[in-house]
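Numbered from 1 within each chain, the chains take letters A, B, ... in sequence-line order.
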Amino acid sequence: MNNLKNLRGTVDLLPDQLIKWQNVEKIVLEQLKRSSIKEIRTPILEMTELFIRGIGEGTDVVSKEMYTFLDRGERSCTLRPEGTASVARALIQNGISSNPLQKLWYMGPMFRYERPQAGRQRQFHQLGVEFIGYESVRSDVEIIALAWDILKKLGIKELNLEINTLGDLSDRLNFQENFLKWLKTNKKALDLDSQNRIDKNPLRIFDSKNIQTKKILENAPRLIDFLSEKSRKRYSYLKKQLEILKIPYLENLNLVRGLDYYTHTAFEITSGSLGSQATVCGGGRYDDLIKQMGGPSTPAIGFAIGLERLILLAGKELEAPRNTDIYIINQGLISETLAMDLSRKLRNYDLLVELDLSGASFSKQFKKANKLKAKSIIVIGDDEAANKEFIIRLFDKASTENKELAISFEDDITLEKWLINNLLVK
RNA sequence: GCGGGCGUCGCCAAGUGGUUAAGGCAGCGGCUUGUGGCGCCGCUAUUCGGGGGUUCGAAUCCCCUCGCUCGCCCCA
């Protein structure tokens, strides 16, 4: 073993594992397409400033998890830790006002410099969806339903949806004033982490897992009591709609999430079978972000799904590879050329065709076809080449020796008939 | 960033101080040079994540380091 290894927290995805990835991605992308959501691709690398301003300086992601370095021009660059800030930047930069309503998705690697764990890597992958310019609660409902449906389409069970509302900016300021007062009188009773958050990010204290802090917080003022009439209505409409759509949810008043930009709706979907990294999907509304980043005032809502965690949850049935339809056994100079040509013709039928390039003995090539569980084989050797024909037959154990058919290379009609009867059925 | 566990071939592993490092799967070759699935035979770690030390002698003991893993923190 040499010392050239992958970086900590990164992994190689090998062909066998990628079968599951591709199957999962296929199902996800089909669902997005049906919902008329369009793809956007932004750079993996951005100016560090983007994330500091977009995500918030006081957040854990920015303060201790960013993959940041100086490039050759001494610019501070960061590998994106999430997608929303980049999407917002791209839209502002490319003129959001010419197209103020957009439903977008993106998929790709994200980077956070953390200690790796099950379901957590330094390079991981997210599918993100952002509804830009949509203000109505109905967009909140649609986006939660979409996240839910994607997970359901993959056959994932035991999912929990948690929701909360963070109100709008004035609700929050209103609340924070009261909350800070309360915090000052109760500061000593809180755990150290929470004490530190008082100045940086007081809302996050609600997210504390410290048992004592949790208990004390039960008597703290609650954000939900400071919501304006409008915010309150919006939230109850959301809950009512989820009930009508039969999407089960749990209200979690402590759910505030780690990024600064959220307003109103915040939600998370977790699964018990993921161990301590239970969150598979997280999202929420961010009505102020785009304006705050220098764009026009644009409401928006989105979510991100962690693909590694999604893969862990998705069923085993998605791991099965597609079997070879036709394995072409061939030997001899003329045969090789004929076989190459035939393989191209066959692939036009959307068949999975593998051409043996080994030049090994027929016996070996048969063994290979068997190992691949090829549905059928074609044999082309010197005899066949001389007769300008090839032999084709099904390769399952039942049809040994029988039903072999010799077809002329010119005879496309007979070939197509055979394919339709044997491989293209259903 | 902090705490616990672990690290023997591509994979699963036996071995816990005595020297040739079991076995299984996979892979490769053969029995069987143009016809597979079964079976049988053979090959595949000068080396036990890496470095240093203790010892006559280490995969086995000690130190450091790297990585994995679980928990905390946080998130996807």
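- Taking side-chain N and O atoms only, Lys371(A) has a distance below 4.0 Å to OP1 or OP2 of G27(B).
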query: Between Glu82(A) and Arg80(A), does a salt bridge (charged side-chain N to carboxylate O under 4.0 Å, His left out) hold up when you go through it step by step?
result: CA-CA 5 Å; Glu82(A) 56 105 49; Arg80(A) 62 181 185 192; over 6 Å; no
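- As a whole-Å value, the separation of Lys368(A) NZ from G29(B) P is 11 Å.
- Of the residues in residues 34-70 of chain A, those lying under 4.0 Å from RNA chain B by heavy-atom distance are Asp60(A), Lys64(A), Glu65(A).
- With 3.5 Å as the limit, one finds a donor-acceptor pair spanning the side chains of Thr84(A) and Glu130(A).
- Separating the P atom of C63(B) from that of U54(B) is a span of 15 Å, rounded to the nearest Å.
- With both ends at atom C1', the span from G17(B) to G24(B) equals 28 Å, rounded to whole Å.
- Counting any heavy atom pair closer than 4.0 Å across all strands shown, Arg197(A) reaches sugar-phosphate atoms only and no base atom.
- Of the candidates G34(B), A76(B), G36(B), G34(B) carries the atom nearest the Ser361(A) side chain, counting heavy atoms from C-beta on.
- Of the residues in residues 8-23 of chain A, those lying under 4.0 Å from RNA chain B by heavy-atom distance are Arg8(A), Gly9(A).
- When each of C75(B), G1(B), G36(B) is scored by its nearest atom to the side-chain atoms of Phe395(A), the top-ranked nucleotide is G36(B).
- Contact annotation for Glu82(A): no contact, since no heavy-atom pair falls under 4.0 Å across all strands.
- A cation-pi arrangement is found for Lys103(A) relative to Tyr134(A), the charged atom lying closer than 6.0 Å to the ring centre and inside a 45° cone about the ring normal.
- Panel note: side chain Ser35(A), backbone Ile37(A); no donor-acceptor pair is recorded below 3.5 Å.
- Between Gln117(A) and G71(B) there is a side-chain N or O to OP1 or OP2 distance below 4.0 Å.
- Among the nucleotides U69(B), U35(B), A76(B), the one closest to any side-chain atom of Ala118(A) is U69(B).
- Here U69(B) is the nucleotide among U69(B), U35(B), A76(B) with the atom lying nearest to any side-chain atom of Arg115(A).
- A heavy-atom distance below 4.0 Å to RNA chain B is reached by none of the residues of residues 26-33 of chain A.
- Looking at heavy-atom distances under 4.0 Å, Gly381(A) makes contact with a base.
- Rounded to whole Å, the P atom of C48(B) lies 11 Å from the corresponding atom of A21(B).
- Phosphate contact (OP1/OP2 of C70(B), side-chain N/O of Arg120(A), threshold under 4.0 Å): absent.
- Nearest to the side-chain atoms of Pro116(A) among the listed nucleotides C75(B), C70(B), C68(B) stands C68(B).
- Using a 30° and 60° split on the angle between ring planes, Phe206(A) and Phe175(A) fall in the tilted class, from 30° to 60°.
- Shown here, C6(B) forms a base pair with G67(B); the pair counts as Watson-Crick or G-U wobble because both key distances fall under 3.5 Å.
- Close to C75(B), at under 4.0 Å from its OP1 or OP2, lies a side-chain N or O of Arg204(A).
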